[in-house]
Amino acid sequence: MLLLGPSRFRSLPPVTRFLLAACFGFWLAGLFAPHFINGWFGLIPAMVMKGELWRMVTYVFPHGGVLHLVFNCFLIWTLGGMMEEGMGTARYARLLFWCSLAAAFLTVAVAPHSRIPVIGASGAVFGMLGAFAALNPDAVVRLYFLFPMSARALVILLAVVELAMSLSGSNPGIASTAHLGGLAAGWVIARPPHFLARFADRVSPAQPPPYDPQAELDRLLDKISSSGMESLSRRERETLERLSRERGGRA
């Protein structure tokens, strides 16, 4: 069974520490100037459509209330810290960035003319949950700390609930579309479908290994040993002569 527990702040990996500090700092500033913080850093779809694209990233840091902040920071502290240590800082940072961006994009796409600010790290947190479930589908977690279930089942349950809330509009104070966008992005990034993996390979093919003169010389000598000098092509003969001169006649 997977047990998650808080650790000391200083021992947390860097991205987790930064995200926690930024969320707390923005929440604290929002207590004194909520209209400024939410108005300039919140995700306001109508303003994004006018070109204020920074909002698709900065909306992650402000939070609306203590419970909102505590819930997100608890998961960032426990699950996020563990995932960053396992995935590595760079990969974890990319995961959070793309999940936050996916959550923002879906929010803007669904309601492009809305002027209601969307704030909070929930999109990134749901993305983290989606990635964790994709990588560890059979890990046992506890819903509300009471009900054990697999990580896969938890993510499916969350997706169904958030989709129902998004379609019904039963809770307008919660950005369910952002949650869905982050959740889906986290799963796809951690375990991309086969067609996406093939597309990525075509767009960015694997780089060939660096040229190693000694390895090439050894290959040519092995070929001569097994098949004779006549088995070498003209280019291979020229390469053998050049490497022999460069490496002091070892051939």
Side-chain angles (χ1 to χ4, degrees), residues 9 12 15-81 83-84 92-131 158-159 161-186 189:
F9 181 79
L12 293 172
V15 172
T16 301
R17 283 203 314 270
F18 167 78
L19 191 55
L20 288 170
C23 288
F24 180 76
F26 269 83
W27 173 79
L28 199 61
L31 294 179
F32 301 96
H35 296 294
F36 173 78
I37 295 297
N38 296 344
W40 278 98
F41 299 101
L43 177 65
I44 304 177
M47 304 309 292
V48 172
M49 296 299 291
K50 291 183 178 181
E52 297 183 1
L53 300 181
W54 73 82
R55 297 175 180 274
M56 299 184 74
V57 177
T58 58
Y59 81 98
V60 170
F61 307 119
H63 283 76
V66 175
L67 291 180
H68 189 203
L69 176 72
V70 168
F71 174 80
N72 283 341
C73 286
F74 177 77
L75 286 177
I76 293 169
W77 186 307
T78 54
L79 180 60
M83 290 185 66
E84 182 176 354
Y92 179 72
R94 289 194 297 270
L95 171 71
L96 292 186
F97 174 78
W98 288 114
C99 288
S100 302
L101 209 59
F105 179 81
L106 186 59
T107 301
V108 174
V110 169
H113 305 296
S114 173
R115 293 186 173 273
I116 301 174
V118 174
I119 56 175
S122 299
V125 167
F126 271 70
M128 183 195 311
L129 289 170
L158 289 175
V161 170
E162 294 297 334
L163 181 61
M165 291 175 61
S166 178
L167 294 176
S168 65
S170 58
N171 197 337
I174 298 178
S176 297
T177 51
H179 297 173
L180 282 171
L183 191 68
I189 291 171

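Judged purely by atom type and a 3.5 angstrom limit, Trp98 has no side-chain atom pairing as donor or acceptor with the backbone of Gly182. Proximity of a side-chain donor or acceptor of Glu84 to a complementary backbone N or O of Tyr92 within less than 3.5 Å is not detected. Side-chain atoms of His68 do not come within 3.5 Å of backbone N or O of Ala121 as any donor-acceptor pair. Between the side chain of Thr78 and the backbone N or O of Phe74 there is at least one donor-acceptor pair closer than 3.5 Å. Remark: the backbone N or O of Gly42 is paired with a side-chain donor or acceptor of Arg55 at under 3.5 angstrom. Between the side chain of Tyr59 and the main chain of Asn38, no donor-acceptor pair closer than 3.5 Å is present.
Atom CG in Leu129 sits 6.0 Å away from atom CG in Leu75 (nearest 0.5 Å). For the atom pair CZ of Phe71 and CD1 of Ile76, the computed distance is 10.0 Å after rounding to the nearest 0.5 Å. Note that CG of Leu28 is 12.5 Å distant from SG of Cys23, once rounded to the nearest 0.5 Å. To the nearest 0.5 Å, atom CG of residue Leu12 and atom CH2 of residue Trp77 are 6.0 Å apart. Taking CE of Met56 as the reference point, atom OG1 of Thr107 lies at 8.5 Å (rounded to 0.5 Å). The NE2 atom of His113 sits 15.0 Å away from the CD1 atom of Ile44 when rounded to the nearest 0.5 Å.
Contact detail for Val15 and Ala93: the closest heavy-atom pair is CG2-CB, 4.0 Å. Ala124 and Cys99 get closest at one heavy-atom pair: CA-CB, 4.5 Å. The minimum heavy-atom distance between Val108 and Leu43, with the atom names listed, is CG2-CD1, 4.0 Å. Taking all atoms of both residues into account, the shortest heavy-atom contact from Ala131 to Leu95 is CB-CD2, 3.8 Å. When all heavy atoms of Leu180 and Ala159 are compared, the closest pair comes out as CD2-O, 3.6 Å. For the residue pair Ala103 and Gly123, the shortest heavy atom distance occurs at CB-CA, 3.9 Å.
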Decide yes or no on side chain to side chain contact (heavy atoms under 4.5 Å, CB included) for Asn72 and Ser122, but give the supporting numbers first. CA-CA 6 Å; Asn72 283 341; Ser122 299; 3.3 Å; yes
Side chain to side chain contact (heavy atoms under 4.5 Å, CB included) evaluation trace for Leu96 with Val60: CA-CA 10 Å; Leu96 292 186; Val60 170; over 6 Å; no
Under the criterion side chain to side chain contact (heavy atoms under 4.5 Å, CB included), I'd like the reasoning laid out for Phe24 against Leu20: C-alpha separation, chi angles, the key distance, then a yes or no. CA-CA 6 Å; Phe24 180 76; Leu20 288 170; over 6 Å; no
Would you please test Val66 and Trp27 for side chain to side chain contact (heavy atoms under 4.5 Å, CB included) and show each step? CA-CA 9 Å; Val66 175; Trp27 173 79; 3.6 Å; yes
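Surrounding CG of Leu31 are more than 12 heavy atoms belonging to other residues, nucleotides or ligands, all under 6.0 Å away.
Checked against a 6.0 Å centroid threshold, the rings of Phe61 and Phe41 do not count as neighbours.
For the pair Ile189 and Arg94, the minimum side-chain heavy-atom distance is 4.5 Å or more.
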